[in-house]
There are 2 protein chains.
Amino acid sequence: MTKRSFAQHALSDWMKGTGPDADIVISSRIRIARNIRAHPFPMLATNEQAREVMERLTSVAGNGRLNGLGQFDTIELSELNELERRVLVEKHLISPNLANESRHGALILSENEAVSIMVNEEDHLRIQCLYPGFQINEAWEQASRIDDIFEEVADYAYDEKRGYLTSCPTNVGTGIRASVMMHLPALVLSQQINRILSAITQVGLAVRGIYGEGSEALGNLFQISNQITLGQSETEIIDNLYSVAKQIIEHERAAREKMLEDSRVRIEDRVYRSYGILSHAMIMDSKEAAQRLSDVRLGIDLGLISDVPPQVMNEMMVLTQPGFLQQVFHEKMSPEQRDIRRAELIRQQLISKSDHGGVST
Amino acid sequence: MTKRSFAQHALSDWMKGTGPDADIVISSRIRIARNIRAHPFPMLATNEQAREVMERLTSVAGNGRLNGLGQFDTIELSELNELERRVLVEKHLISPNLANESRHGALILSENEAVSIMVNEEDHLRIQCLYPGFQINEAWEQASRIDDIFEEVADYAYDEKRGYLTSCPTNVGTGIRASVMMHLPALVLSQQINRILSAITQVGLAVRGIYGEGSEALGNLFQISNQITLGQSETEIIDNLYSVAKQIIEHERAAREKMLEDSRVRIEDRVYRSYGILSHAMIMDSKEAAQRLSDVRLGIDLGLISDVPPQVMNEMMVLTQPGFLQQVFHEKMSPEQRDIRRAELIRQQLISKSDHGGVST
């Protein structure tokens, strides 16, 4: 693996895998925030102190301790140009904070990009594990193993009463953020989504759209995560998220079945129109792309479209973000040019992904 | 030719031909209204008188006088069921008036359906000649020959001062209605159409949409015809229509060129999106079908779509009318069922008409 291979493909290798309930849960993610006791937190650290933290934490990958979990590569943020950083953000492998504001920031990235470990982000250490489908427990087990490995070399900032200490108080305690990214088109179409989202927030979970601004959820993708890190054990946090997500899956599945029963031809019309437009349009903004890709993905998951693989939406959602588009076409673009290039890329992808460029109905 | 062959094909044989300026002028039409002096006009005729008129006028086709102009078939309206009448109306071969209100109405129809002669419509005799493209003079010459043939057997109601007498005063004089059906998408898109239409009406011509209700022009199709039949000679009427239509053709062509120059990718986007939707949608109302077929036809005429023949719009505009749809599918349908069948028919047609079901760009 060269250090720049992450910029070549929109779809991380781990995303090509599948998991339970993958028709609704796109991915499961655990993020653990940790800090080293002996060092000031990144915001307060001097450049020298930040460098020391980076060297100490990246040495874990260098000395092979992570080898049992796969191949890892260490990338210092200072080595990357602006576009490469942007691509990493669009793939959700690093945060905008690490991309733009970190001093001596680094990324320890597994070959399949399922594990990305940020150094000198808001906290000294941010361990992120991603799994395809609904595998939040599996993600937690792996993140936990990596946490143990780092703990062997670093004395974590920990307080008996408060738990793990972090830069932002919202992470104090377990330091864990567990989340699932869910595709909920039927709950949106049947206008049940607001009721469900408000119920979710009442049980201590947070919801936000992916790629959308504010509360808008582009492509009917919702990230659901724990709000609380203090006063609950890791297991409680994960069990709570698991059981709520399981209920949402059931609601979405029931809504899809009802839709097919009550108005099959309307759903087919919506899905095939979006496919027809994606495979023919010459101009496409990212909002429309997200909505139509969601329709096509729904069509795949309902068995209405059979010759386009389901990952096509995940891949194209990433591929059609501004940074990736410019990376693919090797040029800076105005928003108007991006809309044209985005349409071009989607047409190409849909034709190459499907057997014959059409839809089998 | 069986008497029912008109119901089998949406596209009359004459429409498969082409003519000058066929990228803008779909067809040219002359209609001549005549009455027999010795008989009361249809509205005032007894059943017996109407029967006599029908026998006298249809005998012209029976005794072979029209043979020099092609094969003709005589159809009495009373032989047709409701659906067959509706199909004839949708193909513009007869008027709704002849279909629904005539007594002893008949149709004398040429094999290629370019000549349709109505007996006992509002007037005793209505001669209609249709030509593909911009051939209004050719249509006039043929209509005039047919007029001469009928005049040999019928003493027309004619007044030295007023000219030919007709049931409706708007036809008195020459009894001629000359019209061209024009496809003007670029003038509509560039919002020049209202200015142009209002200029047209100021020079004594009338404009109306085809298939649309009221002033709405479905599919950007406009029929332009003479308002005046009195006080102008036949030649003046036709020359006036010809020269105005010629100017509109030039305006439309200039608007198309400007569109391609200024915003080629926007036009391509519009055209290909409509193609993508027409070839994938599962539900399509007649208004949307007309608009998208207009887009595709524009794409063909601009050279953006090369493997769909231009007649496809003319054919599908007729084929997707309610009567024809029911004729094709041999069933009575609700409006919702029609929208589904219409979408089905368009998908089938587009796939069978194009080489490989796609668009070559």
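Residue numbers begin at 1 in each chain, while the letters A, B, ... track the order of the sequences. As the structure is a computational prediction, the values presented were derived from the model and not from experiment. Because only heavy atoms are used, hydrogens play no part in the values below, and waters and symmetry mates are left out as well, while side chains stay in.
Summarising the local packing, CD of A:Glu331 is surrounded by more than 12 heavy atoms from other residues, nucleotides or ligands at distances under 6.0 Å. When the shell of 6.0 Å around NZ of A:Lys258 is examined, it contains 12 or fewer heavy atoms from other residues, nucleotides or ligands.
Nearest heavy atom pair, residue B:His280 against residue A:Gly276, reads ND1-CA, 3.4 Å.
Within the 4.5 angstrom heavy-atom criterion, atoms from both the backbone and the side chain of A:Arg266 approach chain B.
Look at B:Arg347 and A:Glu268 and you find no salt bridge, because none of the NZ, NE, NH1 or NH2 atoms lies under 4.0 Å from a carboxylate O.
Among B:Ile283, B:Leu278, B:Val271, B:Val265, the residue making the largest number of heavy-atom pairs under 4.5 Å with chain A is B:Ile283.
Taking the side chain as every heavy atom from C-beta outward, B:Arg264 and A:Met282 never approach each other to under 4.5 Å.
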